[in-house]
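Remember, predicted model here, so these are calculated numbers, not experimental data. No hydrogens, no waters, no symmetry mates; every other heavy atom, side chains included, goes into these values.
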Amino acid sequence: MPVRGGPPAGAGRWSLLPEPEPDPTVRAYATAEVLLDRYGIVTRGSVVAEDVPGGFAGVYRVLAAAEESGRVRRGYFVESLGASQFSTTGAVDRLRAGVRPLGAATDRATPAMVLAATDPANPYGAALPWPQRAADRGPHGAEPPSGSDGAKDSATTTVGATKRGHQPARKAGALVVLVDGELVLYVERGGKTLLSWTEDDQPLQSAADALALAVREGALGRLTVEKADGDTVLGSAHPLAAALARAGFHATPRGLRLRR
């Protein structure tokens with residue numbers, strides 16, 4: 001009996017992929033369009049975070065040409081990120097619509113957003129550096145050295161007399177919780193360790209409620225928080241522990257837990 005050629009593992013549906021585009025200009029243009037669609041505002045940091053071949057210089061030439069033809073805008077849209085920022089007209093209009101007058105009060109009903117740390121909607125660690133946490137500052141408020149995205153490994157290091165534990169990074173499985181665009185919580189992969197950037201009750205509670213809602217809606221599995229900012233949450237007076245308890249987390253021998 002004749003036997004059909006090919007290994008059994010090769011069974012299934014197959015299709016021929018298109019040939020790679022040989023023109024580097026066309027590839028750079030396609031990359032620029034993807035970045036504009038993904039980030040809204042393309043900055044040097046967002047391009048570096050994507051590890052684009054040719055770096056920002058290659059994408060810059062395409063975006064500058066698109067600006068001259070009126071297809072994109074260049075401007076100083078985000079403070080401190082330099083003047084080489086590019087965006088579409090629609091994204092700029094949406095950005096302006098969300099700007100509040102200087103000194104205006106924040107809407108206390110502003111919902112929090114739970115995002116994957118690697119999500120393009122999370123600007124921290126890419127377009128923006130990770131904000132400095134007060135607990136990470138050395139003696140006299142000195143800032144310890146950090147990597148290109150402000151991230152360190154989970155191993156504890158010592159800076160002066162100050163110990164540093166988990167540090168934020170754009171890695172798979174980690175989460176961030178933003179309140180009104182500000183980074184409030186970082187959830188380490190697995191959910192056992194949380195980092196916070198404020199002790200103010202209102203944003204902390206909004207972030208804890210959003211985290212609890214993500215668990216109840218099934219976006220996250222069971223979540224058991226064991227440490228907050230390096231300290232055990234059980235019996236802790238940390239404001240984040242109180243916010244988690246009000247959000248529905250209950251004490252277990254291992255930590256504060258919430259199930260769907």
Report, as yes or no, whether the 6.0 Å neighbourhood of atom [atom1] on [X] holds more than 12 heavy atoms from other residues, nucleotides or ligands.
X	atom1	result
R44	CZ	no
R73	CZ	yes
R94	CZ	no

Using the ring of each side chain (for Trp, its six-membered ring), is W197 parallel, tilted or perpendicular to Y186, with breaks at 30° and 60°?
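Rings of W197 and Y186: perpendicular, as their planes differ by over 60°.
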
Do S206 and Q202 have side-chain N/O donor and acceptor atoms under 3.5 Å apart?
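Their side chains do contain a donor-acceptor pair, which is all the 3.5 Å distance test asks for.
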
Scan side-chain atoms only and decide if Q205 and R246 contain a donor-acceptor pair under the 3.5 Å cut-off.
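Note: Q205 and R246 side chains meet the donor-acceptor criterion.
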
For R38 and E50, what are the C-alpha separation, side-chain angles and deciding distance, and is it a salt bridge (Lys or Arg N to Asp or Glu O under 4.0 Å)?
CA-CA 11 Å; R38 182 175 297 168; E50 291 284 346; 3.0 Å; yes

Do you reckon Y29 sits in the same ILVMFWY cluster as L36, going by side-chain contacts under 4.5 Å, direct or chained?
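No: no chain of side-chain contacts under 4.5 Å links Y29 to L36.
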
Shared hydrophobic cluster for L81 and V92 (ILVMFWY, side-chain gaps under 4.5 Å)
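Yes, one cluster joins them.
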
For salt bridge (Lys or Arg N to Asp or Glu O under 4.0 Å), just list the numbers for R133 and D229, CA-CA rounded to whole Å, side-chain angles, deciding distance to a tenth of an Å, and then say yes or no.
CA-CA 10 Å; R133 298 171 59 243; D229 295 329; 2.7 Å; yes

Tell me, with the steps shown, if L211 and V187 meet side chain to side chain contact (heavy atoms under 4.5 Å, CB included).
CA-CA 9 Å; L211 201 57; V187 184; 4.1 Å; yes

Considering non-hydrogen atoms only, spot the tightest contact between A169 and A117 and give its length.
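Closest pair (atom of A169, atom of A117, distance): O-CB, 3.8 Å.
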
Write down the atom of G125, the atom of W130, and the distance for their closest heavy-atom approach.
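Closest approach of G125 to W130: CA-NE1, 3.4 Å.
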
Check: R216 and L258 side chains under 4.5 Å, non-hydrogen atoms
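Yes, their side chains come closer than 4.5 Å.
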
Side-chain touch S196/H238, heavy atoms, less than 4.5 angstrom
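They are in side-chain contact.
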
Under 3.5 Å: donor-acceptor pair, side chain of [X], backbone of [Y]:
X	Y	answer
Y76	S80	yes
D180	E182	no
R170	T118	yes
H250	L256	no
E21	D23	yes
S46	V42	no

For L185 and L195, what are the C-alpha separation, side-chain angles and deciding distance, and is it a side chain to side chain contact (heavy atoms under 4.5 Å, CB included)?
CA-CA 6 Å; L185 292 182; L195 300 177; over 6 Å; no

Output yes when R74 and E68 qualify as a salt bridge under the 4.0 Å nitrogen-oxygen rule, no when they do not.
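Answer for the salt bridge query: no.
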
When the ring centroid of Y60 is compared with that of F86, is the distance short of 6.0 Å?
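Ring centroids of Y60 and F86 are less than 6.0 Å from each other.
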
Atom CZ in F249, atom OG1 in T224: separation rounded to 0.5 Å?
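F249 CZ to T224 OG1: 8.5 Å, rounded to 0.5 Å.
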
To the closest 0.5 Å, what do you measure between CZ (R259) and CZ (R222)?
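Atom-to-atom, R259:CZ and R222:CZ are 5.0 Å apart.
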
Decide yes or no on side chain to side chain contact (heavy atoms under 4.5 Å, CB included) for T252 and L234, but give the supporting numbers first.
CA-CA 8 Å; T252 69; L234 290 179; 5.9 Å; no

Could you go through the side chain to side chain contact (heavy atoms under 4.5 Å, CB included) check for L244 and L194 one step at a time?
CA-CA 11 Å; L244 291 172; L194 268 61; 4.3 Å; yes

